[in-house]
Amino acid sequence: MGVMTLLAIIVAPDPRLKISAKPVAKVDDDVRKLMDDMLESMHSANGIGLAAPQVGDERRVIVVDVSAKDADPAPIRMANPELEWVSDEYLIHEEGCLSLPEHFSDVERPGAIRVRYLDYDGEIQELETDGVLATCIQHEMDHLDGVLFVDHISSLKRNMILRKLTKSKKLAAADDD
Ligand code: NI
């Protein structure tokens, strides 16, 4: 691994969070650097998942690490993740997002998934999982198609959250002047 770069995380609402990301042709050094930089940036922001569009990159790359705070890190780096199977059973988890700072909401998703992806070495991998990891992977995969967790909740609550974020962005911009 080379020198890490901390990437700025884009806060909603922002058109760059609404794009549909493009598949990675090959996991090369450039993609590996993106994965490493994303993990570093995610950990530094105390997040458990991050998708490339959140740092202004249009490739289908996500990173997750749902390990407990006092446990060893358990980073997972994925390129071109695709859901091969989801459970019929849906579960509700409270979700947050580094692009929607300080906002949380219950979201209903399949409780278990099987995902196929390219790993750090460009090898095809399959992972079957449930719980927080399944939720987190689905949340990050949504980002690759321009979907935020607030798109899964009522428009009333979504608009309230986005209005608050717009307001705090304006205040922050005013402070910078
Ligand atoms: Ni997110």
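Treat the numbers as computed from the prediction; the structure is a model and nothing was measured.
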Report the C-alpha distance between Lys157 and Asp106 in whole Å, list the side-chain angles of each, state the deciding distance to 0.1 Å, and finish with yes or no for salt bridge (Lys or Arg N to Asp or Glu O under 4.0 Å). CA-CA 11 Å; Lys157 184 154 190 206; Asp106 282 348; over 6 Å; no
With a 4.5 Å cut-off on side-chain heavy atoms, are Ile137 and Met78 touching? yes
Does some side-chain heavy atom of Thr166 sit less than 4.5 Å from a side-chain heavy atom of Pro13? yes
Less than 4.0 Å between a side-chain N and a carboxylate O, is that true for Asp151 and Lys18? yes
Donor-acceptor check, side chain of Lys167 to backbone of Leu162, threshold 3.5 angstrom: yes or no? no
According to a 4.5 Å side-chain heavy-atom criterion applied to Ile, Leu, Val, Met, Phe, Trp and Tyr, with indirect links allowed, do Ile48 and Met141 form part of one hydrophobic cluster? yes
Going only through I, L, V, M, F, W and Y residues with side-chain contacts under 4.5 Å, is there a path from Met38 to Leu6? no
Under 3.5 Å, sequence neighbours excluded: what are the donor-acceptor pairs made by side chains of residues 121-132?
residue, atom, partner, partner atom, Å
Gln125, NE2, Asp119, OD2, 2.8
Glu128, OE1, Arg114, NH1, 3.4

Val27 and Val55: same hydrophobic cluster, using ILVMFWY side-chain contacts below 4.5 Å? yes
Rounded distance (nearest 0.5 Å) linking atom OG of Ser67 with atom CG of Leu133: 10.5 Å
Would you say that Asp36 contacts Tyr120 through its side chain, given a criterion of any heavy-atom pair below 4.5 Å between the two side chains? yes
Rounded distance (nearest 0.5 Å) linking atom CG of Asp65 with atom CZ of Arg77: 9.5 Å
Rounded to the nearest 0.5 Å, how far does CG of Asp29 lie from CG of Leu34? 12.5 Å
Closest non-hydrogen atoms of Gly49 and Cys136, given as atom of the first, atom of the second and distance, are CA-SG, 4.0 Å
Short question: side chain of Arg60, backbone of Ala21 - any donor-acceptor pair under 3.5 Å? yes
List in chain and number order the residues that pass side-chain hydrogen bond (donor to acceptor under 3.5 Å, both in side chains) with Asp37, two or more places apart in sequence or in another chain; answer none if no residue qualifies. Lys33
Taken in chain and number order and not counting sequence neighbours, the residues that satisfy side-chain hydrogen bond (donor to acceptor under 3.5 Å, both in side chains) with Arg158 are none
How far apart are the closest heavy atoms of Ala134 and Gly111, and which atoms are they? CB-O, 3.7 Å
Salt bridge check: are Lys26 and Asp28 linked by an N-O gap of less than 4.0 Å? no
Can you check whether Ile10's main-chain N or O pairs, donor with acceptor, with Ser99's side chain at less than 3.5 Å? yes
Just jot down the side-chain hydrogen bond (donor to acceptor under 3.5 Å, both in side chains) partners of Glu108, sequence neighbours excluded, or say none. none
Step through the shown structure and confirm whether more than 12 heavy atoms of other residues, nucleotides or ligands are within 6.0 Å of NZ on Lys169. yes
Does any non-hydrogen side-chain atom of Ile76 lie less than 4.5 Å from one of Tyr117? yes
Looking at every non-hydrogen atom in both residues, tell me the closest pair between Cys97 and His143 and how far apart they are. SG-NE2, 3.4 Å
Quick check against the 3.5 Å criterion: does Glu58 have a side-chain atom that pairs as donor or acceptor with the backbone of Ile19? no
Qualifying residue for side chain to side chain contact (heavy atoms under 4.5 Å, CB included) with Val107, from Glu94, His152, Gln138: His152
Single hit among Met42, Met35, His139, Glu140 for side chain to side chain contact (heavy atoms under 4.5 Å, CB included) with Ile62: Glu140
Identify the heavy atoms of Leu7 and Ser41 that sit nearest to each other, and give their distance. N-OG, 2.9 Å
Ion pair check, Asp57 and Lys22, cut-off under 4.0 Å: no
Side-chain hydrophobic cluster, 4.5 Å single linkage: members besides Leu156: none
In short, Pro53 meets Leu144 closest at the heavy-atom pair CD-CD2, 3.8 Å
Cluster check Val150, Phe104: I/L/V/M/F/W/Y, side chain < 4.5 angstrom: no
Side-chain contact, heavy-atom cut-off 4.5 Å: Leu50 with Leu98? yes
Calculate, to the nearest 0.5 Å, the distance between atoms OG and CD1 belonging to Ser105 and Ile161 respectively. 5.5 Å
Any salt bridge between Glu95 and Arg109, counting N to O under 4.0 Å? yes
Counting only N and O atoms by type, is there a donor-acceptor contact under 3.5 Å from the side chain of Asn80 to the main-chain atoms of Val24? yes
With sequence neighbours left out, the residues meeting side-chain hydrogen bond (donor to acceptor under 3.5 Å, both in side chains) with His93 are Thr135
Using modelled atom types only, decide if a donor and an acceptor are shared between the side chain of Asp145 and the backbone of Val147 within a distance under 3.5 Å. no
Tell me whether Leu100 is reachable from Ile92 by hopping between hydrophobic residues (I, L, V, M, F, W, Y) whose side-chain heavy atoms are closer than 4.5 Å. no
